[in-house]
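Taking it in order: structure first as structure tokens, then the write-up.
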Amino acid sequence: MESSKTQLDLVLKGSGYDIEKEIKAFDESKAGVKGLVDSGIVKIPPFFVVPENVVSSQPTPAHLQIPVIDLKDTHGDPVRHEKVIQEIRSALEIWGFFQVVNHGVSKAIMEGMIEGVRGFHEEKNEVKKEYYTRDVKKKVTYTSNTLIHKTKAADWKDTLYFRMVPDSPHPEELPVVCRETTINYTAYIRGLGDTLLKLVSEALGLNPDHLIEFGCDKGLKIMCHYYPPCPEPNRTLGSKSHTDPDFLTILMQDHIGGLQVFHQNQWIDVSPIPGAFVINGGDLLQLISNGKFKSAEHRVLANHTGPRISVASFFAIYDRLCGPIKELLSDENPAVYKEVPLMEYIAQYMWKEQDGGMTTLDRFRL
Ligand code: OGA
Ligand code: NI
């Protein structure tokens, strides 16, 4: 895999194109992918180009859709409650993904957040530039392609990032166009996160408070993505294939579409449903569930139309050792993962290429 980058480098160098220099200029512009589009380019720069076979345009078979789970009356009605737990268990075992409706977050809160994110990304460059940084210690940042120097091809997107829990930023640290909407949205996402973590605990056959007592809700990061329209959507990706480095992700996507999950050896579209959230289990859930719940690979296609806006909320902590939950293990179900120092896991996730089909989590298998 690494050699493909080297080869591309050589070819480009031979043609007088210096990829490192181009990336540096792009980064220093602090204007992101949106800046490129606004400048009127009709061909994408070579450092966004993925190998030809990557973006396949095979349509999703109509019968294959991630499950949609209705959370209405999950609290009050014991029969509904049990049904929802079973649906979540089956969705996380088979897909690693599902959508939820009737989750208690109003359309006004959701749309408010999307519009706030749009407002930020469509702000004048002088305003956005103030937030542009690769400093991972900052609680509020705006960047295009956080790991641009590591990746083989850059993604066609820009990201506004908030670390909301623990130690949330002061309101004044949030960009003014999306300050109020982000604070409101975060409160609801924390509530929905707790609801889901309880249901997921029960889906594992544990006490409802198990995952919360473990601290799964003690860290929350929110990434607000902006995928500008792309002049050559068949040559790049909005987000390259990845698994999420967390327990659980709550994703809100707008109506444009492009999210796909890898399932039974093919890419399946996650079709936007107005008012729904997409929920997926991350690597840490796969780890603590001893592989029972899947952390599925997913990606986002680039699109001629746009911008596409999405907001991904990640529940994760990295300040401890973490292995398969003891109550889930038995002679018939022995641990398949080691106890993992999560700091080491996240460092590997951030800085090592996933090579030869091996994911970061695979490195911690027994
Ligand atoms: C992510 C992610 C999907 C999307 O941020 O990890 O997978 O639709 N986002 O933006
Ligand atoms: Ni993701």
Side-chain angles (χ1 to χ4, degrees), residues 32-34 55 60 66 92 95-100 110 113-114 116-118 120-121 136 141-148 150-151 154-164 182 185-186 189 193 219-230 233 236-263 267-286 293-303 305-316 345-346 349-350 354 359-361:
V33 173
K34 182 167 191 303
V55 189
T60 293
I66 66 168
L92 287 174
W95 289 87
F97 266 76
F98 57 95
Q99 307 211 46
V100 289
M110 297 175 80
M113 183 69 186
I114 296 266
V117 170
R118 188 191 312 279
F120 175 81
H121 285 280
V136 293
T141 70
Y142 150 64
T143 346
S144 187
N145 286 277
T146 23
L147 303 176
I148 199 164
K150 176 198 111 162
T151 52
D155 290 341
W156 199 258
K157 72 165 178 220
D158 302 323
T159 301
L160 172 64
Y161 161 91
F162 303 114
R163 195 194 71 206
M164 297 309 285
T182 301
Y185 185 76
T186 302
I189 289 300
L220 173 62
K221 293 176 174 152
I222 302 186
M223 294 184 101
C224 311
H225 304 302
Y226 186 91
Y227 300 85
C230 181
T236 188
L237 285 167
S239 286
K240 65 179 67 54
S241 174
H242 66 281
T243 58
D244 288 348
D246 62 351
F247 292 104
L248 204 70
T249 307
I250 301 180
L251 178 87
M252 170 171 67
Q253 61 169 337
D254 71 7
H255 62 285
I256 298 280
L259 176 63
Q260 297 187 314
V261 53
F262 198 62
H263 179 75
W267 288 105
I268 307 294
D269 292 332
V270 178
S271 309
I273 300 176
F277 285 107
V278 178
I279 312 296
N280 66 286
D283 286 359
L284 304 186
L285 186 62
Q286 183 169 320
F293 288 170
K294 264 207 191 92
S295 175
E297 296 263 349
H298 53 285
R299 68 179 189 180
V300 180
L301 299 177
N303 201 315
T305 50
R308 172 180 186 269
I309 292 167
S310 69
V311 177
S313 303
F314 302 92
F315 287 92
Y345 158 82
I346 193 63
Y349 181 93
M350 300 276 286
Q354 305 205 348
T359 67
T360 308
L361 200 54

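Each ligand, and each atom within it, is numbered from 1 in the order the structure gives.
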Answer side chain, backbone, both or neither: which part of Arg299 comes under 4.0 Å from ligand 1, heavy atoms only. neither
Would a distance-only check, ignoring hydrogens and angles, find a side-chain to backbone donor-acceptor pair under 3.5 Å from Trp156 to Tyr227? no
So if I count the atoms of ligand 1 from 1 in the order they appear, which ones are less than 4.0 Å from some heavy atom of Leu251? 3 (C), 4 (C), 8 (O), 9 (N)
The answer for which part of Asp244 has a heavy atom under 4.0 Å from ligand 1 is side chain
Closer than 4.0 angstrom: is that true for some heavy atom of His242 and an atom of ligand 1? yes
Which of the numbered atoms in ligand 1 are below 4.0 angstrom from a heavy atom of His298? 7 (O)
Atoms in ligand 1 flagged as close to Ala312, the criterion being non-hydrogen separation under 4.0 Å: 5 (O)
Identify, by name, the N, O or S atom of His298 lying closest to the Ni ion (ligand 2). NE2
Between Tyr226 and His121, how do the two ring planes meet: parallel, tilted or perpendicular, split at 30° and 60°? parallel
Strictly distance-based, threshold 3.5 Å: is any side-chain N or O of Asp155 a donor or acceptor partner for the main-chain N or O of Asn145? no
Heavy-atom donor-acceptor pair, Ser295 side chain to Asp283 backbone, under 3.5 Å: yes
Heavy atom of His225, distance to ligand 1 below 4.0 Å: yes
Of all the atoms in ligand 1, which lie at a distance below 4.0 Å from a heavy atom belonging to Tyr227? 4 (C), 10 (O)
Is there a donor-acceptor contact under 3.5 Å linking the side chains of Tyr349 and Thr243? no
Look at ligand 1 and say whether Lys157 reaches it with a heavy atom at a distance under 4.0 Å. no
Tell me which N, O or S atom of Asp244 sits nearest to the Ni ion (ligand 2). OD1
List every atom of ligand 1 that sits less than 4.0 Å from any heavy atom of Phe314, numbering the atoms from 1 in the order shown and giving each element. 1 (C), 5 (O), 6 (O)
May I ask you to decide if Asp158's main-chain N or O and His225's side chain share a donor-acceptor pair within less than 3.5 Å? no
Return yes when Met223 approaches ligand 1 closer than 4.0 angstrom through a heavy atom, no otherwise. no
Of the protein's non-hydrogen atoms, which lies at the shortest distance from atom 3 (C) of ligand 1, and what is that distance? Val300 CG2, 3.7 Å
Keeping the roles fixed (side chain from Gln99, backbone from Ser271), state whether a donor-acceptor pair exists under 3.5 Å. yes
Using atom types as modelled and distance alone, determine if a side-chain donor or acceptor of Thr305 lies under 3.5 Å from a backbone N or O of Pro229. no
Report yes or no: does Gln286 contribute a side-chain atom to a donor-acceptor pair with the main-chain N or O of Leu361 at less than 3.5 Å? no
